[in-house]
Amino acid sequence: MAWEKSHESVFGLPRKLRPAVPDATSQNLGWAGLQALRCRNSAPNEVHWPPLSQHLLVLMTRPPAKMRFRYAGGRRDLPPPAGSIAVMPVGSEAELCWQGTVDCLHIYLDPKLTAQVATTSFELDVSHTTIPPLDALILPELRATMLAVDAELTTGGLGGPLMIESLANILVVRLLRYIFGLRRLVTRTDGVLTRRKLTTIIDYIMANLHRSPTLEEMAAMVSLSPYHFARQFKAATGLPPHQFLITRRVEQAQQILRGRRNLSLAEVAIGVGFSDQSQLCFHFKRIVGVTPGRFRASAKRDLKFRSEHVPPTHGEAIYLG
């Protein structure tokens with residue numbers, strides 16, 4: 001997000017600066033609704049943002065020793081507090097210069113998602129309401145959600161696209177609540193899904209484990225906004241949609257591993273909807289308590305023991321694979 005500057009800065013930075021290189025980025029993770037990048041131990045530098053096409057949230061996890069920040073309608077000549085958040089809306093330009101190293105997280109929110117959430121959750125038309133630039137916000141709920149995005153960035157998106165879609169919706173809701181002092185509409189958004197609607201959604205998830213159903217798709221099936229759907233689904237099942245999806249995938253993997261088909265773990269992972277074997281192993285061990293390989297070995301031992309010690313019922317034969 002930065003490029004070389006040819007002039008001397010107020011902090012006496014060198015005339016030639018290397019572009020800031022992010023420590024991690026969501027560029028190739030296939031995320032929708034938001035994108036993120038994280039910088040750690042970034043050396044002294046200058047950054048210029050041209051007019052933004054997305055809303056930008058910057059979480060300053062470790063401020064630099066010195067800092068100068070210029071943005072539309074404001075300026076800062078001291079580093080902000082650790083854990084504070086800056087908001088730069090669509091169309092903003094800004095310049096940032098710092099001395100000393102800095103750690104920060106940048107999250108870019110899709111303005112189409114922001115408009116959709118504003119309309120469905122608050123009956124607010126953001127096309128006629130300006131989101132202002134903000135600096136040094138101390139908002140624990142918003143910060144916690146941004147750190148959850150950062151955790152997904154660290155794991156390479158192990159929670160899957162559905163988790164990011166959920167986090168994007170939560171970020172927008174919390175940001176709009178703060179900016180406009182809004183409360184959720186108290187109508188059909190509270191409570192839990194009806195049994196019929198819940199059954200419809202679960203059947204849909206089970207039929208589409210292999211292709212990652214989206215929050216927007218499921219919400220549309222029961223005529224709710226993605227944010228309110230996620231709340232009602234968790235109230236009904238005890239799990240957020242993305243965790244419910246992951247748990248069902250792990251359960252299906254267990255069924256396959258108990259069987260006699262000699263599929264590789266990579267084939268099992270793809271078959272139940274995980275992107276690769278590492279995702280299967282991570283979630284399988286987290287939920288089941290053992291790795292898929294150990295689970296399969298134990299299942300085979302149990303099957304062999306039963307075949308050797310449990311007599312077949314009348315008219316039944318046992319065949320070992």
Side-chain angles (χ1 to χ4, degrees), residues 1 22-39 52-59 61 85 87 90 104-118 120-121 139 141-177 201 204-205 208-221 224-234 237 239-250 269 272-276 278-280 282-283 286-287:
M1 308 305 291
D23 172 71
T25 174
S26 64
Q27 183 175 357
N28 298 316
L29 297 180
W31 289 2
L34 67 78
Q35 298 297 324
L37 67 85
R38 179 182 62 230
C39 295
L52 294 168
S53 60
Q54 296 182 312
H55 302 299
L56 172 59
L57 279 63
V58 180
L59 173 61
T61 51
I85 301 166
V87 177
V90 167
C104 57
L105 173 69
H106 294 194
I107 294 180
Y108 293 83
L109 289 173
D110 186 341
K112 292 181 180 178
L113 174 67
T114 305
Q116 179 186 12
V117 172
T120 57
S121 296
L139 300 174
E141 284 192 347
L142 189 63
R143 180 171 65 243
T145 309
M146 293 181 72
L147 290 174
V149 174
D150 185 44
E152 278 299 290
L153 204 58
T154 300
T155 63
L158 275 175
L162 187 57
M163 181 173 185
I164 289 301
E165 193 179 357
S166 300
L167 289 173
N169 275 270
I170 293 170
L171 272 176
V172 173
V173 166
R174 290 179 172 172
L175 180 63
L176 293 179
R177 276 183 186 168
I201 293 299
Y204 180 75
I205 290 174
N208 291 276
L209 286 179
H210 61 288
R211 73 163 194 87
S212 296
T214 69
L215 198 65
E216 188 172 359
E217 289 171 349
M218 292 185 284
M221 292 177 68
L224 288 171
S225 71
Y227 176 76
H228 294 128
F229 165 73
R231 289 174 61 88
Q232 290 197 15
F233 186 89
K234 184 176 180 180
T237 66
L239 291 172
H242 71 276
Q243 287 293 354
F244 185 89
L245 176 68
I246 288 170
T247 302
R248 299 292 83 77
R249 284 174 172 168
V250 169
V272 300
F274 289 116
S275 60
D276 53 40
S278 65
Q279 278 205 355
L280 168 66
F282 175 84
H283 291 298
R286 178 176 62 85
I287 293 171

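These figures come from a predicted structure and were not determined experimentally.
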Verdict with reasoning, V87 to H55, per side-chain contact (heavy atoms from CB on, under 4.5 Å): CA-CA 7 Å; V87 177; H55 302 299; 5.9 Å; no
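- What you find for L280 and A269 is that their closest heavy atoms are CB-CB, 3.7 Å.
- Side-chain contact of R249 with S212: a donor-acceptor pair under 3.5 Å is present, judged by distance alone.
- Among all heavy-atom pairs drawn from M163 and G159, the shortest one is CB-O, 3.7 Å.
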So I205 and L245, side-chain contact (heavy atoms from CB on, under 4.5 Å) or not? Walk me through it. CA-CA 7 Å; I205 290 174; L245 176 68; 3.7 Å; yes
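- Atoms CG and OH, on L209 and Y204 in that order, are 11.5 Å from each other to the nearest 0.5 Å.
- Taking every heavy atom of both residues into account, L109 and Q54 meet most closely at O-CB, 3.4 Å.
- Note: R177 CZ to L142 CG = 11.5 Å, rounded to the nearest 0.5 Å.
- Y227 has its side chain out of reach of V172: every pair of non-hydrogen atoms, C-beta onward, lies at least 4.5 Å apart.
- With contacts defined as side-chain heavy-atom distances shorter than 4.5 Å, the pair V149/W31 qualifies.
- Checking R231 against H228 by side-chain atom types alone, no donor-acceptor pair falls below 3.5 Å.
- The aromatic rings of F233 and F244 sit perpendicular to each other, their planes meeting at more than 60°, with 30° as the lower class boundary.
- The side-chain hydrogen bond (donor to acceptor under 3.5 Å, both in side chains) with S26 is formed by just one residue from the set E152, Q35, R38; it is Q35.
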Passes side-chain contact (heavy atoms from CB on, under 4.5 Å), E165 versus L162? Steps please. CA-CA 5 Å; E165 193 179 357; L162 187 57; 4.0 Å; yes
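- The backbone N or O of T214 lies less than 3.5 Å from a partner atom in the side chain of E217, making a donor-acceptor pair.
- Distance check: F229 CZ to I201 CD1 gives 4.5 Å after rounding to the nearest 0.5 Å.
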Evaluate I246 against L239 for side-chain contact (heavy atoms from CB on, under 4.5 Å), listing each step before the verdict. CA-CA 10 Å; I246 288 170; L239 291 172; over 6 Å; no
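- Rounding to the nearest 0.5 Å gives a distance of 9.5 Å between OG1 of T120 and CG of L224.
- The heavy-atom pair separating G157 from L29 by the smallest distance is N-CD1, 4.3 Å.
- Across all non-hydrogen atoms, the minimal contact from L56 to H106 is CD1-CB, 3.9 Å.
- Screening L34, L215, L153 against I164 for a side-chain contact (heavy atoms from CB on, under 4.5 Å) leaves a single residue, L34.
- The two residues S53 and V90 come nearest to each other via the heavy atoms O-CG2, 3.7 Å.
- Put simply, CG on D150 and SG on C104 are 10.5 Å apart, with the number rounded to the nearest 0.5 Å.
- Interatomic distance, CG of L176 versus CG of L171, reported as 10.5 Å (0.5 Å rounding).
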